[in-house]
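This is a predicted model, so every value here is computed, not measured. Reckoned from all heavy atoms, side chains included, excluding hydrogens, waters and symmetry mates.
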Amino acid sequence: MRPVRSSVLCRLLPAPYSLALRSLVLVLLCITPHCQAVQAENVTVLEGGTAQISCRLQNYDGSIVVIQNPRRQTLFFNGTRALKDDRFQMVLFTQRLVRITLTNVSVSDEGGYFCQLYTDSTHHQVATLSVLVPPETPTVEVKQEAVEGGEAELTCVSPRSKPAATLRWMRKGREIAGVVSLQDNGKTFSVSSTIRIPVERKDDGAALSCEAFHPALNGQKRIRHYRLDVYFAPTVRIVPPAGILREGDSLTLTCSVTGNPLPRNTQWSKINDTLPERAEISGTTLQISRLSQSHNGTYLCQAQNDYGRAADHYTLLVYDPGAVVETHSAVPYAVIGGVLALLVFTVICVLIVTIWCSVRQKGSYRTREPILAWY
């Protein structure tokens, strides 16, 4: 016995039957072994990857199968290519399964793909293609220069992702809260996170990182490392020579300079005088050969950058070797003189005490003498 076609049965239903009842009858008929149906599966793929779009057939009897893109353009008609796009390929056509592949997927390919089965009544299902766009490694933009005593303003940018990436600032294992901005670019999103942090000189070179998280990264993250560049005024320190400088010796002074940016030049000068003719300057070093007492004075090293100026000084005193010997030979005599003075002071104190005791004894004797005479 031949099965009754659904279209014929629908025509046999009285006109007063509602549309809902007619639909119910069709569904019940599809439970029978002779009903044809089609099923589609949703697909999620990374941008640039390959998507497999599958249409599963039930009780296929050779009817026409058509696959259309989201713009309702026919891609394949019963296994035959209908649209000239080589990215689409028919890889399987059986009585149970029709499968096509789409290579180099882009976000413009996203949408619903129609699996249509033409029988007495058309059956179709939609396979939704979703495209994920993972973020690239974010970039860091300096919105405000970091100057000692001020604030640094940094923005981490992820220019393109779908869905929107999640950004996080980190420093020494701790998160720094940022102000997040989200921009919808149509199919993709641009995300940024801005932080403002106070900075000091010690923060120069401090390590920060901006991390991007996204479902397409499977728990991984894209990290951009950044080191703070803190600008500050220079510091200057003259490294003095060791020991006593004598006539004929050479003097070498090194000017140790820090700063950001590092001063390009250092300036050597002599206070209230000009530098000696034999003075030679090489970078941050000042050298004077064959010293003499005429070189005595205060020497100054100065440095500056865009954020300040600093200086340090060194006072040079060249000793005469003869004077140094006399000074050293005078030290024992000074010690002896001090000892003699102490002895003289001790003797004087003893004499004073002796005289004082003698005077007291005489006074006491004179007081007792009249008392003895009366007796």
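- Annotation: ring pair (Phe, Tyr, Trp, His ring centres under 6.0 Å) contacts of Phe88 (sequence neighbours excluded): none.
- Judged as a salt bridge (charged side-chain N to carboxylate O under 4.0 Å, His left out), and not counting sequence neighbours, the contacts of Glu151 are Arg196.
- No side-chain donor-acceptor contact under 3.5 Å links Lys270 to the backbone of Pro276.
- Under the 4.5 angstrom side-chain criterion for Ile, Leu, Val, Met, Phe, Trp and Tyr, the cluster partners of Leu253 are Ile238, Leu245, Leu251, Trp268, Leu275, Ile281, Leu286, Ile288, Leu291, Tyr299, Tyr314, Leu316, Val318.
- Scanning for salt bridge (charged side-chain N to carboxylate O under 4.0 Å, His left out) contacts around Arg160 gives Glu47, with sequence neighbours left out.
- Remark: the backbone N or O of Leu92 is not paired with any side-chain donor or acceptor of Arg99 at under 3.5 angstrom.
- Side-chain atoms of Thr80 and Asn78 form no donor-acceptor pair, as typed in the model, at a separation below 3.5 Å.
- For the salt bridge (Lys or Arg N to Asp or Glu O under 4.0 Å) condition, the pairs that include at least one residue of residues 76-87, sequence neighbours left out, are Asp85-Arg87, Arg87-Asp109.
- Annotation: ring-ring contact (aromatic ring centres under 6.0 Å, His included) contacts involving residues 211-230, sequence neighbours excluded, are absent.
- With hydrogens and angles disregarded, a donor-acceptor distance shorter than 3.5 Å links the side chain of Asp204 to the backbone of Val230.
- No side-chain donor-acceptor contact under 3.5 Å links Arg201 to the backbone of Phe232.
- Take Glu41 and apply the salt bridge (charged side-chain N to carboxylate O under 4.0 Å, His left out) test, not counting sequence neighbours, and it matches Arg56.
- Applying the ring pair (Phe, Tyr, Trp, His ring centres under 6.0 Å) criterion to Tyr307, with sequence neighbours excluded, gives Tyr231.
- For the pair Asn59 (side chain) and Ala37 (backbone), a donor-acceptor distance under 3.5 Å is absent.
- For the 3.5 Å distance criterion, the side chains of Thr50 and Thr103 fail to qualify, holding no donor opposite an acceptor.
- Under the side chain to side chain contact (heavy atoms under 4.5 Å, CB included) test applied with Ser209, the options Ile223, Val140, Ile176 reduce to a single match, Ile223.
- Residues in residues 227-239 take part in no salt bridge (Lys or Arg N to Asp or Glu O under 4.0 Å) pair, two or more places apart or across chains.
- Remark: Glu211 engages Arg168, Lys221 in a salt bridge (charged side-chain N to carboxylate O under 4.0 Å, His left out) (not counting sequence neighbours).
- Under the 4.5 Å side-chain criterion, counting only non-hydrogen atoms from C-beta, Thr284 is not in contact with Ser256.
- Using a 4.5 Å heavy-atom threshold, the side chains of Cys115 and Val98 count as separate.
- Listed by first then second residue, pairs satisfying salt bridge (Lys or Arg N to Asp or Glu O under 4.0 Å) with a partner in residues 124-142 read Glu141-Lys143, not counting sequence neighbours.
- Scanning for side-chain contact (heavy atoms from CB on, under 4.5 Å) contacts around Arg71 gives Asn69, Gln73, with sequence neighbours left out.
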